[in-house]
Student: 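Here it is, the structure in full.
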Amino acid sequence: MLAKRSPAGAPGAAPSESVADALLRHYDAHARRLPWRIPPGASERADPYRVWLSEIMLQQTTVAAVIPYFEKFTTRWPDVAALAHADEAEVMAAWAGLGYYARARNLIACARVVADELGGRFPDSEEGLLALPGVGAYTAAAIAAIAFGRRAVVVDANVERVVARLFAIATPLPQGRGAIREATDRITPDARAGDFAQAMMDLGSAVCTVKTPQCLLCPLRPQCAAHAEGRAEVYPVKPPKKEKPTREGLIWWLEREDSHVWIERRGDKRMLGGMAGLPGTAWDARGGAQGGEPPVPGDWIALNAGVEHVFTHFRLLLSVRRQVVGAACLPDGEGQWWPLARIGEAGLPTVFAKVVHRMTEKG
DNA sequence: CACACGTGGAG
DNA sequence: TCTCCAAGTGT
């Protein structure tokens with residue numbers, strides 16, 4: 001195969017392989033094997049359902065965290081029709097622990113659109129994909145390139161970092177995103193755009209890392225402006241992050257004498273919407289946790305130690321009050337008694353799982 | 001554009 | 001222990 005020659009940077013500079021060719025050559029030798037990925041060079045075609053599902057799960061989530069969830073979902077719901085017709089609460093419970101639960105709500109909505117309105121086939125264009133719930137600019141481009149072989153400009157946080165370094169783009173994010181996107185467009189090949197995107201992401205994940213990038217192992221080192229400057233790690237320049245406020249809330253741990261706990265389904269608009277949860281007050285700034293009526297009256301015993309959990313944009317301090325009731329008790333509101341012996345199957349988000357752990361640990 | 005939205009692993 | 005932040009989207 002013929003390597004493209006990039007224009008010489010400086011007079012007399014040695015001609016070099018294009019970024020795409022160097023990267024794809026590296027990818028052909030070092031691509032990670034992942035459950036949703038077809039190895040480079042295989043004749044098989046990637047299944048759009050699996051590509052879509054993996055891309056949704058991978059949004060802001062590490063590969064290691066996604067793999068077991070991906071296996072669970074594809075085993076239980078092998079195609080988009082199966083997922084579209086699945087019980088909604090079952091899907092939400094299967095997502096529990098992965099975070100960003102709006103993804104799960106949109107996942108179900110998207111599967112239903114594809115199955116019921118699009119004849120079970122995903123759109124094969126970026127524009128069509130972009131119209132689906134939960135599919136934004138990145139995901140539309142990624143699916144178009146990876147599943148349908150389209151030339152699409154795929155920009156995620158990895159690509160952003162690699163490209164900002166390659167071209168030493170010093171404009172801080174998010175302002176610098178325009179220049180990064182243009183530069184990515186320039187180096188994206190017409191052929192193998194899907195492999196190129198995945199190769200960029202592999203590179204960003206394993207070599208061109210946020211901290212202490214492994215420039216000595218990088219196939220793009222000869223063409224990297226940031227490496228030439230000797231300071232790859234300063235790119236991309238990011239704005240200072242904001243401080244996390246603390247919020248407080250109260251949990252009503254209502255336990256039945258036969259070892260069942262009262263669990264509710266959270267409204268779609270709330271945080272952790274659509275997920276199972278323990279009853280409690282709203283979470284707000286110190287002292288403000290009002291409006292929380294307990295599910296039943298009676299003597300609630302406050303626990304000494306609370307539970308702390310850190311979300312993306314705030315830290316939560318949860319206090320717990322406990323009451324044990326008889327088998328005939330039927331609390332107000334929607335909810336159900338769940339056996340503590342099988343609490344792991346209730347589909348509780350991690351913050352509530354922490355409370356369960358606290359309430360069931362020995363001592 | 002800025003902010004809300006989860007979690008767990010790495011350094 | 002603590003800080004950073006990952007294959008982003010919706011509003």
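By convention in this document, chain letters (A, B, ...) are assigned in the order of the sequence lines, proteins followed by strands, and residues within each chain are numbered from 1. Worth saying up front: this structure is predicted, and the values here are computed from it rather than measured.
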Student: What are the bounds, 5' to 3', of the part of DNA chain B that sits under 4.0 Å from heavy atoms of chain A?
Tutor: dC1(B) to dG8(B)
Student: Residues in side chain to side chain contact (heavy atoms under 4.5 Å, CB included) with A89(A), at least two apart?
Tutor: D87(A), R265(A)
Student: Which pairs with one or both residues in residues 99-116 of chain A pass salt bridge (charged side-chain N to carboxylate O under 4.0 Å, His left out), sequence neighbours excluded?
Tutor: E88(A)-R112(A)
Student: What distance, rounded to whole Å, do you find between the two C1' atoms, one in dG10(C) and one in dC1(B)?
Tutor: 14 Å
Student: Output the residues of residues 342-354 of chain A in contact with DNA chain B, where contact means a heavy atom of the residue under 4.0 Å from an atom of the strand; sort by number or write none.
Tutor: P349(A), T350(A), V351(A)
Student: For R32(A), what residues pass the salt bridge (Lys or Arg N to Asp or Glu O under 4.0 Å) criterion, not counting sequence neighbours?
Tutor: D202(A)
Student: Which part of the nucleic acid, if any, lies within reach of L272(A) when heavy atoms closer than 4.0 Å are counted: base, sugar-phosphate only, or nothing?
Tutor: sugar-phosphate
Student: Can you sort out the partners of P39(A) under side chain to side chain contact (heavy atoms under 4.5 Å, CB included), two or more places apart, ordered by chain and number?
Tutor: R33(A), A42(A)
Student: Quick check on DNA chain B: between R247(A) and Q175(A), whose nearest nucleotide comes earlier from the 5' end?
Tutor: Q175(A)
Student: State yes or no: are the ring centers of F311(A) and H309(A) separated by less than 6.0 Å?
Tutor: yes
Student: Taking the P atom in each of dG8(B) and dT9(C), what is the distance between them to the nearest angstrom?
Tutor: 22 Å
Student: At under 4.0 Å between heavy atoms, which parts of nucleotides 3-11 of chain C does protein reach? Answer with one letter per nucleotide, 5' to 3': B base, S sugar-phosphate only, - none.
Tutor: -S-BBBSS-
Student: With sequence neighbours left out, write down each residue that passes ring-ring contact (aromatic ring centres under 6.0 Å, His included) with H30(A), or none if nothing qualifies.
Tutor: H26(A)
Student: How far does the P atom of dA7(C) sit from the matching atom of dC3(B), given to the nearest Å?
Tutor: 23 Å
Student: Considering only distance and modelled atom types, tabulate donor-acceptor pairs under 3.5 Å from the side chains of residues 324-343 of chain A, sequence neighbours left out.
Tutor:
{"unit_1": "W337(A)", "atom_1": "NE1", "unit_2": "C329(A)", "atom_2": "O", "d": "3.2"}
{"unit_1": "W338(A)", "atom_1": "NE1", "unit_2": "R342(A)", "atom_2": "O", "d": "2.9"}
{"unit_1": "R342(A)", "atom_1": "NH1", "unit_2": "E345(A)", "atom_2": "OE1", "d": "3.0"}

Student: Does anything in residues 71-86 of chain A pair up under salt bridge (charged side-chain N to carboxylate O under 4.0 Å, His left out), and if so which pairs, sequence neighbours excluded?
Tutor: R76(A)-E90(A)
Student: With sequence neighbours excluded, give me every ring-ring contact (aromatic ring centres under 6.0 Å, His included) pair touching residues 192-243 of chain A.
Tutor: none
Student: Going by the ring-ring contact (aromatic ring centres under 6.0 Å, His included) test, which pairs reach into residues 48-71 of chain A, not counting sequence neighbours?
Tutor: W36(A)-F70(A), Y49(A)-W52(A), W52(A)-F122(A)
Student: Could you tell me if Q59(A) and Y138(A) have a donor-acceptor pair between their side chains, going purely by distance under 3.5 Å?
Tutor: no
